[in-house]
Amino acid sequence: METDSEPYVRLASLRQLHQAMADMNKARSLADTLQAVADGVVQALGYELACVNLVGPDGDLVVAAFAGNQAAEALITGRSGSRESWDRRLNMGEQWGDLIFIPHTEGWVLDDDDVPQWYTDGPAPRFEDEWHPSDRLFAPMYAPGPQGGGNSGELIGVLSVDRPRNGRRPGAWGREALQMYAFQAAIAISNARLRSNMQRALVRLERDQQALRASEESFRQAFEYAPSGMAIAEMGGDQHGRILRTNDALCRLLGRRASSMRRYAFSDLVHPEDIGTLLRTSAEGGRAELRLGRRDGTYVWVSLRNSVVADAADGPRFLLTHVEDIEERKRRELQLAHRASHDSLTGLPNSAELRSRLAARLCQRPQSAHAAVADAMDAAYGHPAVFDSGGHTFDFSAAAEPYGAFDHHVHAVAPEDGRDDGAKGLAVLFCDLDGFKSINDRFGHNAGDAVLIEVARRLSGGVRDGDTVARLGGDEFVILANGLGKADAQDLAVRLRGEIIQPIRAEGRAVRVGASFGIGWAHCGMTADEVLKSADERMYVEKRSRPKQHRRAG
């Protein structure tokens with residue numbers, strides 16, 4: 001092309017230029033594209049040397065490809081020049097369209113900047129358009145603009161060319177060809193970068209997909225083969241709590257098939273008493289201990305832990321539920337709790353449990369300021385104090401505002417002493433065995449224990465469901481029976497005494513004990529100890545009222 005002159009251009013030159021553009025567009029990678037751009041300048045545009053300076057991420061320009069001189073290529077490839085130095089070069093010299101030509105008469109000021117460059121030797125020019133060894137020609141490459149043409153895009157690199165083969169500065173055709181080539185090179189480089197970015201994105205996507213598949217497989221295996229129960233359930237909406245998937249361990253624990261489990265929500269399987277616990281646990285994504293129903297109708301205690309599986313766009317989607325069988329632990333806990341609250345010999349509630357049950361029925365009313373005023377006015381006027389002042393009614397009776405009263409509590413009221421008016425209350429029967437010490441002394445503690453066990457059995461069999469029979473200690477028993485009138489309580493004491501005085505087999509012999517009963521009445525305002533003390537005192541009154549020989553039958 002160096003021998004061509006306007007207006008004549010050889011067809012072979014156009015073919016060379018076309019082939020160079022085709023080669024740089026066919027390159028498979030960004031590095032190959034950059035090298036094809038440099039090679040095309042040398043092969044098709046008639047320059048001995050060509051360098052591709054590419055804008056890097058930091059804005060500086062790095063020598064990315066070189067063609068025409070292996071020594072120069074080894075010297076400067078990979079080196080970079082600052083953007084500031086390159087901007088100074090592109091803003092000086094002569095404008096040849098989009099090209100920048102800096103003649104040797106001006107270029108000397110650039111000799112000491114940090115742009116990588118090579119030096120060529122040669123004689124001084126003999127005529128006006130002859131190429132000088134220190135002349136510089138740059139073809140800026142801009143990313144394609146929004147309309148696909150012009151240099152409205154950002155700078156992506158600069159083509160540096162040197163030493164035209166014909167030894168002359170390029171004419172109009174040569175300049176136009178270099179400018180057109182730089183424009184096509186910018187497109188090829190942009191496309192190569194896009195392909196490279198896409199390939200890297202595809203590689204990352206494939207790695208992410210492989211990691212996701214591996215994670216999903218790990219989750220599937222951990223879910224399916226977990227030694228404890230696992231389930232995935234819906235979260236939110238009309239199907240909240242519906243079971244979507246279960247593992248074998250959970251199906252075995254509940255005795256249900258996986259296909260049938262998908263017909264249920266956890267609320268369908270939980271014990272009715274544990275529904276509230278389940279709902280709180282589900283809402284909080286926390287943990288709880290509750291009972292789940294087996295296929296055979298029984299329930300098993302489980303520890304249930306929820307993890308919320310969230311979607312980045314839609315928020316919480318599923319509940320991952322871990323279900324652990326804690327039946328054995330619960331059984332041990334219940335046994336320990338039973339031992340702590342029940343007598344080890346008779347199996348009856350012990351003294352602490354008796355006081356707890358009794359206290360639960362009694363609301364306490366500490367003496368408040370209003371109650372103190374009410375007591376004083378009651379003493380003065382003989383009735384609860386109620387009076388009106390300025391349109392406001394004040395009731396200072398203790399019942400008006402029971403300090404410390406329980407919400408929804410049914411107050412225990414004792415029948416009045418001295419008459420049976422049909423009132424019913426919480427009867428407390430204090431039972432003390434007569435003649436028990438002599439059995440222990442004569443026949444030993446084993447015989448005494450046998451008597452206590454049989455008395456406990458007879459007392460338990462003689463009361464209603466819901467009544468409490470407790471062993472207070474030694475040979476003392478207490479019965480709590482709610483909803484009895486005075487006559488009912490006395491009849492109950494007579495019946496129980498009749499049961500106790502029947503012969504008892506102990507250590508191979510028949511023995512007998514008697515029983516003394518004291519009947520007390522619990523009412524709100526009393527403490528448990530005050531109620532028991534009242535019944536105990538009445539028992540001793542009853543015991544002393546009978547001759548000693550009549551306290552034990554047989």
Side-chain angles (χ1 to χ4, degrees), residues 208-342 347 349 353 356 360:
D208 292 344
Q209 289 178 338
Q210 290 177 354
L212 178 60
R213 288 193 291 269
S215 176
E216 288 175 344
E217 178 61 19
S218 298
F219 173 79
R220 187 192 67 81
Q221 292 189 12
F223 182 90
E224 294 293 343
Y225 303 116
S228 53
M230 301 286 287
I232 297 176
E234 289 272 14
M235 185 174 185
D238 297 337
Q239 299 294 318
H240 180 78
R242 184 174 66 89
I243 297 172
L244 301 175
R245 185 176 175 184
T246 57
N247 69 347
D248 289 341
L250 182 57
C251 293
R252 290 195 304 270
L253 177 63
L254 301 182
R256 301 175 186 271
R257 295 190 301 272
S259 58
S260 66
M261 288 288 288
R262 289 192 289 271
R263 297 198 298 266
Y264 298 103
F266 272 109
S267 58
D268 300 324
L269 302 175
V270 74
H271 192 284
E273 296 177 1
D274 298 337
I275 285 288
T277 302
L278 174 70
L279 294 178
R280 288 192 299 273
T281 303
S282 175
E284 298 170 2
R287 63 175 62 197
E289 295 183 355
L290 43 75
R291 289 158 289 181
L292 292 181
R294 291 190 174 109
R295 185 182 179 185
D296 60 8
T298 61
Y299 287 89
V300 58
W301 275 100
V302 299
S303 172
L304 186 146
R305 296 198 303 274
N306 284 326
S307 298
V308 177
V309 180
D311 184 273
D314 300 331
R317 294 289 303 277
F318 306 106
L319 282 177
L320 176 62
T321 303
H322 177 254
V323 183
E324 183 180 359
D325 182 0
I326 59 170
E327 181 71 18
E328 186 60 32
R329 174 168 68 79
K330 275 294 182 180
R331 184 179 295 111
R332 291 196 300 268
E333 289 177 357
L334 292 175
Q335 289 174 350
L336 290 174
H338 186 272
R339 291 174 185 173
S341 61
H342 287 71
E353 178 67 12
S356 176

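Among residues two or more places apart in sequence or in another chain, the side chain to side chain contact (heavy atoms under 4.5 Å, CB included) test is passed with Arg213 by Glu206, Gln209, Gln210. Scored by the side chain to side chain contact (heavy atoms under 4.5 Å, CB included) test, Ser218 finds no partners at all (sequence neighbours excluded). For Glu353, the side-chain hydrogen bond (donor to acceptor under 3.5 Å, both in side chains) partners at least two apart in sequence or on another chain are Arg357. Partners of Ser259 according to the side chain to side chain contact (heavy atoms under 4.5 Å, CB included) rule, which considers only residues two or more places apart in sequence or in another chain, are Arg257, Arg262. By the side chain to side chain contact (heavy atoms under 4.5 Å, CB included) test, Asp208 is found to be paired with no residue, residues two or more places apart in sequence or in another chain being considered. Residues passing the salt bridge (charged side-chain N to carboxylate O under 4.0 Å, His left out) test with Asp325, sequence neighbours excluded: none.
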Atom pairs and distances, side-chain donor-acceptor, residues 265-272, under 3.5 Å, sequence neighbours left out:
from   : atom 1 : to     : atom 2 : distance (Å)
Asp268 : OD2    : Ala265 : N      : 2.9
His271 : ND1    : Glu273 : N      : 3.1

Would you tabulate the side-chain donor-acceptor contacts of residues 331-340 under 3.5 Å, counting partners in other chains and residues two or more places apart, or write 'none'?
from   : atom 1 : to     : atom 2 : distance (Å)
Arg331 : NH1    : Glu328 : OE1    : 2.7
Glu333 : OE2    : Arg329 : NH1    : 2.6

Which donor-acceptor pairs under 3.5 Å do the side chains of residues 245-255 make with protein atoms, sequence neighbours left out?
from   : atom 1 : to     : atom 2 : distance (Å)
Arg245 : NH2    : Glu224 : OE2    : 3.1
Asn247 : OD1    : Met230 : N      : 2.9
Asn247 : OD1    : Leu250 : N      : 3.1
Asn247 : ND2    : Phe223 : O      : 3.0
Asn247 : ND2    : Ser228 : O      : 3.1

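Considering every non-hydrogen atom in both Leu278 and Leu304, the closest pair reads CD1-CD1, 4.5 Å.
Remark: Ile243 CD1 to Glu234 CD distance equals 11.5 Å, nearest 0.5 Å. Note that CD of Glu289 and NZ of Lys330 are 4.5 Å apart. Values are rounded to the nearest 0.5 Å. The NE2 atom of His322 lies 5.0 Å from the CZ atom of Arg305; values are rounded to the nearest 0.5 Å. The CG atom of Leu292 sits 11.0 Å away from atom OG1 of Thr298, with the distance rounded to the nearest 0.5 Å.
Leu319 is not listed as a side-chain neighbour of Ile232, based on a closest heavy-atom distance of 4.5 Å or more.
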Practice problem: Show your working on side chain to side chain contact (heavy atoms under 4.5 Å, CB included) between Asn306 and Leu320 and close with a plain yes or no. | Solution: CA-CA 6 Å; Asn306 284 326; Leu320 176 62; over 6 Å; no
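The neighbour count for Arg295 CZ, taken as heavy atoms of other residues, nucleotides or ligands under 6.0 Å away, does not exceed 12.
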